[in-house]
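Worksheet for the structure shown next.
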Amino acid sequence: MTLPANGPHQCSDAIEALLKSIGVTITMGGEPTFIPFNPEGAEWATAALGPTKLDHARRCAHALIKRARPGAVILETSGKHYPGEPLPRWTLLLQNRADGTPLWQDPTRLKADDEPGPHTLDDAVAFLKALTPRLGIAAGSTLPLLSADEPPAPAGHVLPLDHENGGWLTDDWAADFPEGHVPLFFGDGLAGLRMPLNRLAEGRRKRAMTVELSRGTLAVFVPPLLTAAYCELLGHIEAALEECKLFAVRLSGYAPPADPTLPTIGFASDPGVLEINLTPEPDWTGFDRQLHTLYAAAEDAGLCARKFQLNGRVVGTGGGAHMVFGGPTPESSPFFTTPHLLPSVIRYFQHHPALSYAFSGQYLGPSSQAPRIDESTFEAPYELELACRGAVRLGSPANLALFDLLFRDLLMDRSGNTHRAEISVDKLWNPFAGNGRLGLVEFRAFETHPDPRLQGIPALLLRAILARLAAEPFEKPFKRWGHALHDKYFLPAFMKEDLDAVCADLQAHGIPFDSAWLTPLIDWRCPLLGALELPAWEKEAAAPKLLVRQALEAWPLLGESPNGGGVSRTVDASMDRIEFSLTDPAALEHGLLLVNGIPVEFRATTYGTLAAGVRYRAFYLCPSLQPHISPHAPLLIEWVGRHTLCVLAAARWHVWNPRSMPYADRPTTIEEAKVRAAERWENWPHTIGHARYIPAVETIEDMPATLDLRLYPYQSRG
């Protein structure tokens, strides 16, 4: 794999020089996702939560502290809360001070795994006795906590605690809980979130610290505070832990509001993956450096950014690697200060489909997590054209709420989900979400790459595009792609053509982004499956080759079906697409390609080669679209002489393996995966020399680049 050297950093310098010259500041962050080396269980397939995910998150956070963030603290807090889930998902926050002053001295005092601990309730009492004098408050303010599901032993203790005018304050809750303890609501959540605060009398202070015992681990719950008080409290907590000689404590509760003086990395429990939210950086160089550190820490914690499929294909984690851009503060977001930027981005992406497909995961198209605007609803491009014009007319400073509303109901998927969009404005100025008014735009059609050296390249490309569009608006009207969107740009040859056009445009605007940097990414996204050496038609001529690459395919969303008293929807993942390309176009003067006996028509590329796609049913799936159509695999690939109509070269391509035997488990090493992938390509001498009848095939006018085998009833497979 060829990797770029110093070029990307020189390109980054040019981007920053351009942004500085036009007075635009853009911050960038990302959300790469990771899984264990050998993932097991639903939590690493479809479920958000599971028995080992929090353990891996803690280990990775500690590895980051050791490698690059000395003086950081780890706080467990509440994350996303989705309908149907009883509690919010957990999130770990790794926080440190921007000025380098340690926020936390000894990381061993914080829990580094999810194993049961050695603590007792006596440790909780001792901790509070050591803490309260440091805060200057009375220790007698504490009350026992009692879980409704585990009487009569206390679950821990609560200390009413607030900060005001530079000092710490407590309160006496005894009169409001005459039973002598605070009964906790039933549940699995932290005690600090299960207290009946509604029973407190008017005027009582409702902020409180709890110290509870959870599976032998001491859990200290921090109340909601502003940054200065929060940092001060952490110092007192650590000093009290040191006095009591306590280690591996679980620090949890509320983080202060977002503050640039407190850079934060987040670890979130997402379906099938561990999502890690990077600290926003002012330029690509810092972003890339942070990526490399994160990948190294993830490996220390037994995590990686790749997954082996059973048949040997190596893919991303299955989660996203979304990229987020904004400003130093929400109000100073470049999407607000430069009103033409977001409309230009929307238009530019609509003009270049490769930006939507080249770096995304396997699941793409209208029902994916990041559908293009022209894959969502029929009227979206027309309405977005009006919105883009309106946004520019708002001027600067714009009415932020109105600016947000211009795009909120258009940048979404077919169901109206504003988060699931290729260009998501869910955190631009969203009044319906607690963290929605951040001035951020999220680009979601990106998947985590296993190599950090390549993971940063799409981020550099995206930043280069933003800089180019900030300097000069892109005002071309939307294209009406129709079927060409998938027919052409799901094929790697035409995807590369489009990316080359983007790079040429960047270079024309003074940004030296080399399209060669993207080649390893396209090779990863669309790997070479096999090559068929064709006979030379002249003695001195070099033998041309027929190259076969993986192409892209959209999996359609099926209708609702009953599922355990409710309904669920699945996708039809039974379809696949591959690309054929000829290294020498002259080969078509002497031969033609048959796939399962059906002739394939090639299209010219700008590189002097020819390419064609073949779409086929890889395996039978029920339910699926067109259930009456049987699988086409294995594909019989035959090169037939035009003058003899006899097969000159042949191979078969298997979706599984030539033996059609099940695998006991996924590959555990890259070498094992390569062996499984290689055996799917099978040289096939058995039909060489056989005569072939060439059926007439009618080219579909609006899908000229891809042959859909579903259209033809009888097909030979050798």
Side-chain angles (χ1 to χ4, degrees), residues 1 306-315 362 490-493 495 519-520 522-536 542-553 573-584 587 591-600 602 609-619 631-640 647-663 666-667 669-690 692 706-707 709 715-718:
M1 181 179 291
R306 58 99 184 100
K307 180 181 289 185
F308 296 134
Q309 293 185 336
L310 282 164
N311 63 8
R313 185 176 177 186
V314 185
V315 296
Q362 283 189 284
F490 275 8
L491 304 180
M495 187 193 307
T519 299
I522 298 175
D523 290 344
W524 155 259
R525 186 87 172 90
C526 303
L528 183 68
L529 306 178
L532 192 63
E533 188 166 312
L534 309 181
K545 285 187 177 181
L546 177 73
L547 303 180
V548 185
R549 286 190 175 275
Q550 181 68 54
L552 309 182
E553 184 59 47
S574 67
M575 294 299 296
D576 194 20
R577 192 178 310 222
I578 58 178
E579 178 197 78
F580 296 92
S581 62
L582 285 168
T583 57
D584 186 351
L592 57 91
L593 174 65
L594 298 182
V595 175
N596 285 17
I598 308 299
V600 176
F602 286 83
T609 60
L610 297 170
V614 171
R615 192 180 186 208
Y616 66 100
R617 169 150 280 160
F619 52 87
H632 301 108
L635 296 181
L636 176 61
I637 302 163
E638 296 177 312
W639 185 256
V640 177
V647 178
L648 303 177
R652 294 207 304 178
W653 169 246
H654 297 264
V655 171
W656 202 242
N657 60 49
R659 303 173 302 281
S660 298
M661 294 295 292
Y663 293 110
R666 298 177 188 270
T669 65
I670 191 67
E671 291 75 18
E672 185 182 353
K674 286 180 178 179
V675 170
R676 292 191 188 183
E679 69 176 356
R680 296 169 64 194
W681 177 266
E682 183 183 19
N683 289 319
W684 194 250
H686 309 291
T687 62
I688 293 178
H690 290 200
R692 286 291 179 254
T706 301
L707 171 70
L709 290 182
Q715 296 164 26
S716 170
R717 283 182 280 180

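Predicted model, so just to flag it, every value in this text is computed and none were measured.
For the atom pair NZ of K545 and OG1 of T583, the computed distance is 8.0 Å after rounding to the nearest 0.5 Å. L707 contributes atom CG, which lies 9.0 Å from atom CZ of F580 (distance to the nearest 0.5 angstrom). In this structure, N683 CG and I637 CD1 are separated by 10.5 Å, a value rounded to the nearest 0.5 Å.
Between R652 and E682 there is a salt bridge, with a side-chain nitrogen of the basic residue lying less than 4.0 Å from a carboxylate oxygen of the acidic one.
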Criterion side chain to side chain contact (heavy atoms under 4.5 Å, CB included) on M495 and L552, from CA distance to verdict: CA-CA 10 Å; M495 187 193 307; L552 309 182; 3.5 Å; yes
Trace of the ring-ring contact (aromatic ring centres under 6.0 Å, His included) decision for W656 with H654: CA-CA 5 Å; W656 202 242; H654 297 264; over 10 Å; no
Criterion side chain to side chain contact (heavy atoms under 4.5 Å, CB included) on L582 and W639, from CA distance to verdict: CA-CA 11 Å; L582 285 168; W639 185 256; 4.1 Å; yes
Pair T609-L547, side chain to side chain contact (heavy atoms under 4.5 Å, CB included): steps then yes or no: CA-CA 11 Å; T609 60; L547 303 180; over 6 Å; no
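Side-chain atoms of R549 and L491, non-hydrogen and from C-beta on, never get closer than 4.5 Å to each other. Using a 4.5 Å heavy-atom cutoff, the side chains of V595 and W653 are not in contact. Between L529 and R680, every side-chain heavy-atom pair lies at or beyond the 4.5 Å cut-off. Under the 4.5 Å side-chain criterion, counting only non-hydrogen atoms from C-beta, Y616 is not in contact with N596. Using a 4.5 Å heavy-atom cutoff, the side chains of E679 and R659 are in contact. Between V647 and R692 there is a side-chain heavy-atom pair separated by less than 4.5 Å. The side-chain heavy atoms of E579 and C526, taken from C-beta on, include no pair separated by under 4.5 Å. Side-chain contact between W524 and V314: present, with at least one pair of heavy atoms (C-beta onward) separated by less than 4.5 Å.
In this structure, A649 and L534 approach most closely via the heavy-atom pair CB-CD2, 4.4 Å. When every heavy atom of V655 is checked against every heavy atom of A618, the shortest pair comes out as CG2-CB, 3.6 Å. Taking both residues in full, the closest heavy atoms of A611 and A493 are given as CB-CB, 3.8 Å, listed atom of the first, atom of the second, then distance. Residues F308 and P667 approach most closely at CD1-O, 3.0 Å, considering heavy atoms. When all heavy atoms are compared, the tightest approach of M575 to R617 is SD-CA, 3.7 Å. The two atoms that bring P544 and A587 nearest to each other are CG-CB, 4.1 Å, heavy atoms only.
None of L610, V600, V640, L532 except one satisfies the side chain to side chain contact (heavy atoms under 4.5 Å, CB included) rule with L593; the exception is V600.
A donor-acceptor pair is defined here as one N or O able to donate and one able to accept, closer than 3.5 Å; such a pair exists between the side chain of N311 and the backbone of R313. A donor-acceptor pair under 3.5 Å links the side-chain atoms of Q550 to the main chain of R577, judged by distance alone. In this structure, R676 contributes its side chain and L310 its backbone to a donor-acceptor pair below 3.5 Å. For Q715 (side chain) and L709 (main-chain N/O), a donor-acceptor pair under 3.5 Å exists by modelled atom type. Proximity of a side-chain donor or acceptor of T687 to a complementary backbone N or O of H690 within less than 3.5 Å is not detected.
Cation-pi geometry between R666 and Y663 is not met: the NZ or CZ atom fails to fall both under 6.0 Å from the ring centre and inside 45° of the normal.
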